[in-house]
Amino acid sequence: MGLLFRSLLQHTQQVSGRSLVRRAYSSASSDITVNAMVYGSYGKPSEVLRMHSYKLPALTSDTVHVRFLASPINPADINQVQGVYPLKPPFEQLGEGEKVAVGGNEGVAEVIAVGDNVKNLKVGDQVVMARSGYGTWRTHAAGPEADFQPLPASTNTSLIQKATITVNPCTAYRMLKDFVQLKPGDYVIQNGGNSAVGQAVIQIAKAWGINTVNVVRNRPEIEQLRQELKELGATHVVTDEELGTHEMRSKMKEWFGGKPPLLGLNCVGGKSATEMARYLGHNGQYVTYGAMARAPLAIPASMLIFKNFSFHGFWMTRWTDNHTNEERYEMLKDLVELMDKGQLREPRWTEVEWTEESMKQAADGGIQGFTQGKQVCFPTKA
């Protein structure tokens, strides 16, 4: 095979009615060639990304081999390649050549081999990454068991839903759970209602009996967008232009029935985000998780002094770093259950061909915002 001689210890045992193969290798690398989209310096994706091939490290008694089934291209992935994202994966030696980082933070993989000491994973399991910045734009990976988070069993959850579960649905889930003890009938107000997180908020809230007011930018096809979001479960959809009008204040007062929302979710920033905060009730919690308008959020003193609002930031990566895999698994189990029931739908997506040129174009397209829905590549698609 053109590699160092390797000794193979193969043990077979029956697990859930199928054969489980455990291997232990003595050489430094396996016979599996990995193809990965990597970058050795920061910059424009089409200029710094390239396809790189290297041999997968040999399996040891404590490691796992996986192959990636589907990996999305997210805005944060692009920001990492540009070098402007707070989390920067380390550059490391992958085969020959310069030290590089593998792009991608999100994706679903299948376990293809496990070492003898691996306890909680088996061949055939589907997993997501246990930490951000792992590098999911590649065909295969090897690492300790702790690198991989097993997905709960599912009956009706698609591969795309599994590949895109760890960022947007988890962000929506945590913000709805962690800041206010919401009860059926309560209201939540959010901007970016048509964003990926916004749509997840709408659907999860609907499943839990929670009402949503969803602020979106005005556009020529606004009525079509209102209808699409209401089909997902949105209670009300308003434009940012309507937000500050006297008519809208009267409408919302009627909608809330004396119980204004205590949770506001902001991914936009700027003037409309400040205006949205005015609709919160006393002791409201205002959570910012994005800044799409690239404008600061101005907080009037009256919101702090007289209404006692609390303003928070939320970053899913930080939550993951501060919580156990067991806590994360419980969240994933809840989300998969919603997906199985059809209460959390598959996002819109387009396939990106697993080639260097296509991946570069998709990454640049992600910057420019010309794409529709999620962009997803399938690194080991036959």
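Because only heavy atoms are used, hydrogens play no part in the values below, and waters and symmetry mates are left out as well, while side chains stay in.
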- prompt: Taking atom types as modelled, is there a side-chain donor on Glu346 or Ser158 under 3.5 Å from an acceptor on the other?
  reply: yes
field: Tyr39 and His52: side chain donor to acceptor below 3.5 Å
entry: no
query: Taking the six-membered ring for Trp, are the ring centroids of Trp349 and Phe378 within less than 6.0 Å of each other?
result: yes
task: Applying side chain to side chain contact (heavy atoms under 4.5 Å, CB included), name anything that partners Glu47, two or more places apart in sequence or on another chain.
output: Lys44
message: Looking only at side-chain N and O atoms, does Asn74 offer a donor or acceptor that is under 3.5 Å from a partner on Glu106?
response: yes
field: Centroid-centroid distance, His140 to Phe68, less than 6.0 Å
entry: no
message: Which residues pass the ring pair (Phe, Tyr, Trp, His ring centres under 6.0 Å) test with Phe309, not counting sequence neighbours?
response: none
message: Would you say that Thr320 contacts Thr166 through its side chain, given a criterion of any heavy-atom pair below 4.5 Å between the two side chains?
response: no
- request: Check Ala363 against Leu49 and note the closest heavy-atom contact, atom names and distance.
  value: CB-CD1, 4.0 Å
query: If you look at every heavy atom in Ser132 and Thr317, which pair is closest and at what distance?
result: OG-OG1, 3.2 Å
query: Which heavy atom in Ser272 sits nearest to a heavy atom in Leu243, and how many Å separate them?
result: O-CD2, 3.4 Å
- prompt: Taking the six-membered ring of Trp208, is NZ or CZ of Lys177 closer than 6.0 Å to its centre and within 45° of its axis?
  reply: yes
query: Quick one: NZ on Lys183 to CD on Gln181, what's the gap to the nearest 0.5 Å?
result: 8.0 Å
field: For Leu304, all residues meeting side chain to side chain contact (heavy atoms under 4.5 Å, CB included), sequence neighbours excluded
entry: Ile299, Phe311
message: Can you see whether Asn194 engages Gln199 through a side-chain donor-acceptor pair at a distance of less than 3.5 angstrom?
response: no
Interatomic distance, Ile189 atom CD1 to Met276 atom CE [nearest 0.5 angstrom]: 5.5 Å
- prompt: Hey, are Arg174 and Tyr289 close enough side-chain-wise for a donor-acceptor pair under 3.5 Å?
  reply: no
query: Does some side-chain heavy atom of Val114 sit less than 4.5 Å from a side-chain heavy atom of Lys122?
result: no
task: Classify the angle between the aromatic ring planes of His236 and Tyr187 as parallel (below 30°), tilted (30 to 60°) or perpendicular (above 60°).
output: parallel
- request: Report whether Tyr173 and Ile202 are members of the same hydrophobic cluster (ILVMFWY, side-chain heavy atoms less than 4.5 Å apart, transitive linking).
  value: no
message: Any heavy-atom pair between the side chains of Asp240 and Val216 that's under 4.5 Å?
response: no
field: Smallest separation among heavy atoms of His65 and Ser30, with atom names
entry: CE1-CB, 4.2 Å
Neighbour count above 12 (heavy atom, 6.0 Å) for Arg217 CZ: no
Test item: side-chain donor near acceptor, Asn35 and Thr139, under 3.5 Å: no
- request: Indicate whether the side chain of Gln82 and that of Asn79 have a donor and an acceptor atom separated by less than 3.5 Å.
  value: yes
- prompt: Which pair of heavy atoms, one from Gln203 and one from Arg345, lies closest together, and at what distance?
  reply: OE1-N, 2.7 Å
field: Trace of the ring pair (Phe, Tyr, Trp, His ring centres under 6.0 Å) decision for Tyr286 with Tyr279
entry: CA-CA 11 Å; Tyr286 197 80; Tyr279 288 95; over 10 Å; no
- request: Considering non-hydrogen atoms only, spot the tightest contact between Pro169 and Ala200 and give its length.
  value: CA-CB, 4.1 Å
- prompt: Should the heavy atoms of other residues, nucleotides or ligands under 6.0 Å from CD of Gln93 be counted, would the total exceed 12?
  reply: yes
Single-linkage hydrophobic cluster Phe256~Val237, side-chain heavy atoms < 4.5 angstrom: no
message: Do Phe148 and Val111 make a side-chain contact, defined as non-hydrogen atoms from C-beta onward lying under 4.5 Å apart?
response: no
message: Evaluate Lys307 against Ser302 for side chain to side chain donor-acceptor pair (under 3.5 Å), listing each step before the verdict.
response: CA-CA 7 Å; Lys307 301 190 79 173; Ser302 60; over 6 Å; no
task: Answer yes if the ring centres of Tyr42 and Phe91 are under 6.0 angstrom apart, and no otherwise.
output: yes
- prompt: Is any side-chain heavy atom of Arg318 less than 4.5 Å from a side-chain heavy atom of Asp321?
  reply: no
message: Whether the Thr212 and Asn214 side chains hold a donor-acceptor pair (N or O, under 3.5 Å, no angle test) is what I'd like checked.
response: yes
query: Can you find a heavy atom in the side chain of Val48 that is under 4.5 Å from one in the side chain of Ser41?
result: yes
